[in-house]
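Model, not experiment: these values are computed from the prediction. Convention: sequence-line order gives letters A, B, ...; per-chain numbering from 1.
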Amino acid sequence: MDSEQSFPQPESKPPGRERPVLSAKLDAAFTSVYRVFAFLGRFFKELFRPPYEFNEIIRQCYDVGYKSLFLICMTAFITGLVFTKQSRPSLSNFGATSWLPSLVAIAIIRALAPLVTALICAGKVGSQIGAELGSMKVTEQIDAMEVSATNPFKFLVVSRILATTIMIPVLMCFFAGFGLWGSYVDVHSNESTSFTFFIEKAFEKINFMDIWTSVVKALVYGFTIGAVGCIRGYNAKQGTMGVGRAANSAVVISMFLIFIEEMLIVQIANVFR
Amino acid sequence: MKAASQRPLPGQAAQPVIALHHVHKAFGENVVLRGVSLDLFPGENVVVLGRSGTGKSVLIKIISGMLQPDSGGVRVLGDEVTMLNDKQLQQLRLKIGFSFQHSALYDSMSVKENLEFPLVRNKRHLTRRERRMAVDRVLDAVGLSQTIHQYPSELSGGQRKRIGIARTLILQPEIMLYDEPTAGLDPITSTEINNLIREVQQRFNTSAIIITHDLTCAKTTGDRVAILLDGHFFREGSFEEVFADRDERVRAFYDYNFTG
Ligand SMILES: Nc1ncnc2c1ncn2[C@@H]1O[C@H](COP(=O)(O)OP(=O)(O)OP(=O)(O)O)[C@@H](O)[C@H]1O
Ligand SMILES: [Mg+2]
């Protein structure tokens with residue numbers, strides 16, 4: 001034992017990182033961008049590598065999908081109903097209330113269903129993922145998983161991102177269905193249109209491209225919600241406060257990204273239309 | 001001849017299960033470990049004492065492969081931990097039980113599910129009944145059979161610690177790493193945990209590294225004591241040997257625990 005030697009105290013050095021290359025802030029920004037890509041890279045690597053966590057994926061799908069179903073359906077029904085009610089006066093000025101079904105269908109299927117579903121889920125599912133993983137991180141549950149020879153990334157992260165990517169499109173379909181139903185209820189009570197006629201009218205102006213674009217949107221939003229929630233949660237720091245911050249930023253960042261993606265996808269889709 | 005070769009040779013028995021050789025670790029400019037060396041022999045409990053922030057947790061995280069050392073050798077059960085790939089590391093981890101400072105129970109799962117988790121993940125061939133028996137056995141070992149259907153949030157700190165220990169025992173590890181098993185517990189519960197650590201050593205035939213700054217814990221659970229100070233082991237030996245020392249920092253430690 002080299003007890004005679006005196007070592008410098010670890011506390012005597014200022015805690016922190018090495019000297020910044022550019023500036024401390026720019027360095028941090030580049031590092032965090034790098035971390036995001038490293039995280040996504042790891043996701044795709046682990047995604048295709050067996051063993052697959054089927055049970056956990058199904059459990060997460062249930063958590064994401066089934067538990068948000070009621071909220072999504074309620075919101076959709078009300079949105080459809082209110083949207084139709086609000087649009088009627090301006091159309092009836094031209095005597096064009098017969099256009100209502102197709103107008104509402106275009107609005108719901110092209111724009112509202114993917115966007116509103118994603119925003120609701122960003123709030124509900126994204127915050128939950130951020131908080132759950134964040135608290136698992138700060139209470140060392142993720143480390144505990146690792147030392148009990150389970151790959152926590154695969155078990156926790158891959159399953160959650162897959163679940164949101166699969167379930168947001170499914171929820172979107174429910175949104176579209178219930179939205180149209182809400183709209184039908186209003187149309188039926190005013191114009192006493194039959195259901196078949198309503199559906200016929202509604203899908204008159206909808207083409208395959210519209211549906212396809214919406215599905216792509218929902219897939220992208222689902223992935224975004226899962227990935228942002230997981231990144232924020234998995235990298236949570238500093239105790240309980242870190243958990244709150246992870247949950248909060250998961251929602252804010254994913255909502256922000258969803259709007260940007262919306263804009264990009266619509267632009268791209270318009271090129272093909 | 002064949003039977004004889006299966007028995008451990010006299011020299012083999014003395015091979016350390018954990019051998020640390022000049023391990024260095026820094027986080028940025030924060031140098032935590034500066035050349036830590038330690039041998040843990042089969043069936044032995046070594047207590048690592050040290051102030052908060054001296055890198056005790058970092059040390060056992062390096063042993064279990066959760067953190068990479070900057071330099072130095074980390075040999076666990078004959079494998080160089082830093083050289084292992086993911087799969088080999090997983091295999092090794094099955095033989096290491098890690099009891100966390102804050103228990104780290106999965107709070108979305110009941111006690112039963114917590115205990116079953118390592119089994120379900122790593123021993124897929126077990127039947128439901130065999131799993132149940134394994135759970136009952138470790139719960140009995142930690143004396144908490146009645147809590148099987150409770151959730152971690154419904155348990156006291158001491159109970160959680162014990163369930164955490166039970167969860168690591170379920171895979172029948174050869175090495176136990178305890179991170180502050182008695183921190184934040186009252187003296188009576190601490191005594192219970194200390195006895196449990198001894199019992200685990202005898203009943204499950206484990207070797208252990210026990211991290212603590214509680215000298216009662218060190219005295220009752222440790223066969224050997226090592227003091228981590230300034231990033232290396234400052235003193236090492238039996239409890240009496242180490243605390244016969246006149247060095248003021250060692251004294252300060254002793255005085256705080258027993259006279260302060
Ligand atoms: N993942 C990490 N990243 C950066 N620094 C870390 C990390 N883990 C530990 N440290 C630093 O290493 C030092 C030692 O930490 P460690 O957790 O090992 O202390 P400890 O001896 O276990 O203390 P305590 O008794 O309070 O648990 C601390 O200064 C801590 O800030
Ligand atoms: Mg510690």
Engineer: Counting only non-hydrogen atoms closer than 4.5 Å, can you tell me which residues of residues 99-118 of chain B sit against chain A?
Structural biologist: B:Phe100, B:Gln101, B:His102, B:Ala104, B:Leu105, B:Tyr106, B:Asp107, B:Phe117, B:Pro118
Engineer: List the residues meeting ring-ring contact (aromatic ring centres under 6.0 Å, His included) with A:Phe54, not counting sequence neighbours, and say none if there are none.
Structural biologist: A:Tyr52
Engineer: Only pairs of heavy atoms separated by less than 4.5 Å count here; which of A:Met145, A:Glu132, A:Met136 has the most with chain B?
Structural biologist: A:Met145
Engineer: How close do B:Leu94 and A:Ala149 get, counting heavy atoms only, and between which atoms?
Structural biologist: CD2-CB, 3.6 Å
Engineer: Under a 4.5 Å heavy-atom cut-off, does chain B meet the side chain of A:Glu56, its backbone, both or neither?
Structural biologist: neither
Engineer: Pick whichever of A:Asn151, A:Thr150, A:Thr139 has the most heavy-atom pairs under 4.5 Å with chain B.
Structural biologist: A:Thr150
Engineer: More than 12 heavy atoms of other residues, nucleotides or ligands under 6.0 Å from CG of B:Asn85: yes or no?
Structural biologist: yes
Engineer: Could you walk me through whether A:Glu146 and B:Arg93 pass the side-chain contact (heavy atoms from CB on, under 4.5 Å) test, one step at a time?
Structural biologist: CA-CA 9 Å; A:Glu146 198 168 340; B:Arg93 278 173 176 162; 3.4 Å; yes
Engineer: Return the set of residues passing ring-ring contact (aromatic ring centres under 6.0 Å, His included) with B:Phe204 (not counting sequence neighbours), or none when no residue passes.
Structural biologist: none
Engineer: Residues of residues 168-183 of chain B under 4.5 Å from chain A (heavy atom pairs)?
Structural biologist: none
